[in-house]
Amino acid sequence: MAEVTGKKVKVAVAGASGFAGGELLRLLLNHPQVEIGALTAASSVGEPLGKHHPHLFPLAQRVLQPTDVENLAGHDVIFLGLPHGASGQVTRTLRDGGVKSLLIDCGADHRLTDPAAWRDYYHSEPEEPWAYSMPELLHAKESSARAQREILRQASEIAVPGCNVTAVTLALLPAVWAGLVDASDLVANLAVGYSGAGKAMKSHLLAVSALGNAQGYAMAGVHRHIPEIAQNFRVAGATKVNLSFTPVLVPMNRGILATVTAPLVGTGDLGELRRVYHEVCDSEPLLEFLPEGIWPTVSMVSGCAKAAIQVAVDKRAGKVVAQCAIDNLGKGTAAAAVQGMNLALGFPELTGVPTVSTAP
C-alpha cells in the first residue's frame with residue numbers, strides 16, 4: 001500500500017454499533033493521523049451511535065448509515081466489524097464497485113489460507129485470504145523470522161486475527177518456532193470475557209446467566225478458531241499440529257487468559273526456554289514476557305494492546321506450560337487492526353495503539 005505519511009487519512013467503520021466497532025472508534029479517536037468518516041451498521045441504521053456506545057462522546061450524535069458502497073466509498077481506509085459471511089460479501093461488493101480503499105476485516109472471512117479448513121469449520125465457501133495482521137507472527141527459521149511485517153507493509157487488504165487465536169498463538173509461539181515443544185499434542189484452556197461473544201441477545205449471554213457463573217462453549221473440537229491457530233503454528237515451523245481447545249466464558253466484560261500446554265522436546269531446560277522467549281518478546285513492543293514466577297492476569301492488559309506472557313516447565317508431566325493474557329477487544333481485535341493499518345500506510349506501528357492498562 002502506498003505511504004500517506006504527513007496527511008490525515010479518512011476512515012470508515014462498518015459494524016460501528018458492535019463491540020469491535022466501538023473499540024476501533026475509541027482507538028481511532030486518539031490517532032493523530034485519522035479523520036473518522038462514515039459509521040455504518042445493519043439493524044441499527046438511523047440510530048445515533050451514542051445509543052450503542054455512550055462512552056464515545058465526540059461521536060455520540062453521529063447517525064449510523066447503511067453498509068453499502070455509496071456510504072463507504074471515498075475513504076482511504078474501511079474497517080469491517082461484521083459477522084463471518086457478511087464481511088466477505090461486503091468486500092466483494094466494494095471491489096466490484098471500484099472502491100480502492102485499504103480494507104481491514106475484523107471478522108473471520110479472510111483469515112484462513114486453506115479452503116478445506118474453512119469449509120470444515122464454517123460450512124460455507126471460503127473467501128480469498130488476506131494479509132494477516134499479527135506483526136509478531138514468526139515464520140519458520142529457514143525463512144525470514146520477521147516476514148509478517150513486510151507482508152503487511154505491502155498489503156491493500158488485511159485480515160485481523162481472532163481474539164482467542166491471538167492469545168493461544170502468542171502464548172506458545174516462541175517455543176514452537178524454536179522447536180522446543182511437540183505441536184502435535186497441544187492443549188489450550190481459555191477464560192474468556194463476555195464481550196468476546198458479541199452483542200447478540202441470547203439467553204446464555206444475559207447477566208442472569210453470566211454473573212457468578214462460568215460456562216464452556218464451542219467445546220470438543222468445533223471452535224472455529226482452531227484451524228487458524230494451527231495455521232499460525234505451521235507458519236512458525238510446526239510440521240503437525242493437533243489442538244484440544246476449550247474456551248470458558250467467565251464473568252468479566254473483556255479479556256482472555258489462555259493456558260497452553262505442550263510436550264517437551266529435548267532436555268526441557270527452563271533456562272533455554274526462557275532465553276528463546278526473551279529473544280522473541282524483548283524485541284516486540286507489545287509482548288511483555290514477565291519475570292520468572294509472575295503469571296499473567298487480565299487486569300495487566302485491560303484496555304490496552306499488550307500481551308502478558310509467561311512460561312514454565314512441568315517436569316513431572318513433561319510439559320511446557322505457557323500463559324498469555326490479552327484484552328480481546330484490544331490486542332485481540334481493534335489494536336491489531338490499527339497496527340495493520342499503520343504498517344500498510346507507513347505510519348509508526350504503535351500510533352494510536354494504547355500500551356498501558358486501565359487496571360484495576
Side-chain angles (χ1 to χ4, degrees), residues 4-68 70-82 87 90 99 101-107 133 158 160 163 193 195-196 198-199 253-255 286 301-306 327-359:
V4 292
T5 307
K7 70 170 186 177
K8 285 199 172 187
V9 294
K10 190 175 182 182
V11 170
V13 175
S17 60
F19 287 133
E23 187 72 356
L24 265 170
L25 290 168
R26 184 177 76 88
L27 301 190
L28 294 172
L29 281 167
N30 290 299
H31 196 299
Q33 292 185 274
V34 161
E35 173 192 347
I36 297 175
L39 307 180
T40 77
S43 60
S44 304
V45 167
E47 297 175 349
L49 183 70
K51 178 179 178 179
H52 303 273
H53 301 301
H55 63 295
L56 299 177
F57 296 114
L59 302 172
Q61 301 307 313
R62 296 277 296 275
V63 175
L64 293 165
Q65 301 171 292
T67 301
D68 56 26
E70 182 180 357
N71 287 312
L72 294 176
H75 294 82
D76 299 296
V77 184
I78 300 171
F79 290 96
L80 302 165
L82 305 172
S87 55
V90 170
V99 174
S101 312
L102 171 64
L103 301 181
I104 302 179
D105 183 14
C106 295
S133 194
I158 292 173
V160 177
C163 54
S195 60
K199 277 191 168 183
N253 290 333
R254 53 202 292 165
L286 297 181
V301 296
S302 180
C304 80
K306 288 281 190 175
D327 186 323
N328 59 294
L329 296 175
K331 181 57 176 164
T333 307
V338 175
Q339 267 187 286
M341 177 190 74
N342 287 338
L343 286 166
L345 297 182
F347 299 146
E349 184 177 333
L350 299 189
T351 305
V353 175
T355 57
V356 178
S357 169
T358 58

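A 4.5 Å side-chain heavy-atom check between Val90 and Leu82 finds at least one atom pair inside the cut-off. Taking 4.5 Å as the limit, some side-chain heavy atom of Leu27 sits within range of a side-chain heavy atom of Pro354. In this structure the side chain of Val301 never reaches within 4.5 angstrom of the side chain of Lys331, judged on heavy atoms. At least one side-chain heavy atom of Val34 sits under 4.5 Å from a side-chain heavy atom of Val9. Considering only heavy atoms from C-beta on, Leu286 comes within 4.5 Å of Gln339 through its side chain.
Nearest approach of Leu329 to Ala20, heavy atoms of both residues: CD2-N, 4.4 Å. For the pair Ala305 and Ala335, the tightest heavy-atom approach, listed with the atom from each and the gap, is CB-CB, 3.4 Å. Nearest heavy-atom pair across Val13 and Gly21 is CG1-CA, 4.1 Å. Heavy atoms only, all atoms of each residue included: Pro32 and Thr351 are closest at CD-CG2, 3.5 Å. Taking every heavy atom of both residues into account, Asp327 and Cys304 meet most closely at CB-O, 3.8 Å.
Looking at His53, its side chain does come within 3.5 Å of a backbone N or O of Ser17 through a donor-acceptor pair. Formation of a donor-acceptor pair under 3.5 Å by the Ser302 side chain with backbone atoms of Ser357 is not found in this model. Between the Thr40 side chain and the Pro66 main chain, no donor and acceptor come within less than 3.5 Å of each other. The closest donor-acceptor contact from the side chain of His75 to the backbone of Ala38 lies under 3.5 Å. Put simply, the side chain of His31 gets close to the backbone of Gln33: a donor and an acceptor are under 3.5 Å apart. Without hydrogens or angle criteria, His52 side chain to Ala16 main chain gives no donor-acceptor distance under 3.5 Å. In this structure a side-chain-to-backbone donor-acceptor pair under 3.5 Å is present from Ser133 to Ala336. When atom types are taken as modelled, the side chain of Asn328 and the backbone of Cys163 share no donor-acceptor pair closer than 3.5 angstrom.
Leu59 CG to Leu39 CG: the interatomic distance, rounded to the nearest 0.5 Å, is 6.0 Å. A distance of 7.0 Å separates CZ in Arg254 from OG1 in Thr358, rounded to the nearest 0.5 Å. Note that CG of Asn253 and CZ of Phe19 are 8.0 Å apart. Values are rounded to the nearest 0.5 Å. Going from atom CD1 of Ile104 over to atom CE of Met341 covers 6.5 Å, rounded to the nearest 0.5 Å. For the atom pair CG of Asn342 and CD of Glu349, the computed distance is 7.5 Å after rounding to the nearest 0.5 Å.
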Open item on the list: For a side-chain contact (heavy atoms from CB on, under 4.5 Å) check, start with the C-alpha distance between Leu25 and Leu49, then their side-chain angles and the critical distance, and finish with the verdict.
Closed with: CA-CA 11 Å; Leu25 290 168; Leu49 183 70; 3.9 Å; yes

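Results of the side chain to side chain contact (heavy atoms under 4.5 Å, CB included) test with Leu102 over Ile78, Asp76, Leu345 single out Leu345 as the only residue that passes. When each of Val338, Leu28, Leu24 is checked for a side chain to side chain contact (heavy atoms under 4.5 Å, CB included) with Val11, only Leu28 meets the rule.
Residues Asp105 and Ser87 bring a donor and an acceptor atom of their side chains to less than 3.5 Å of each other.
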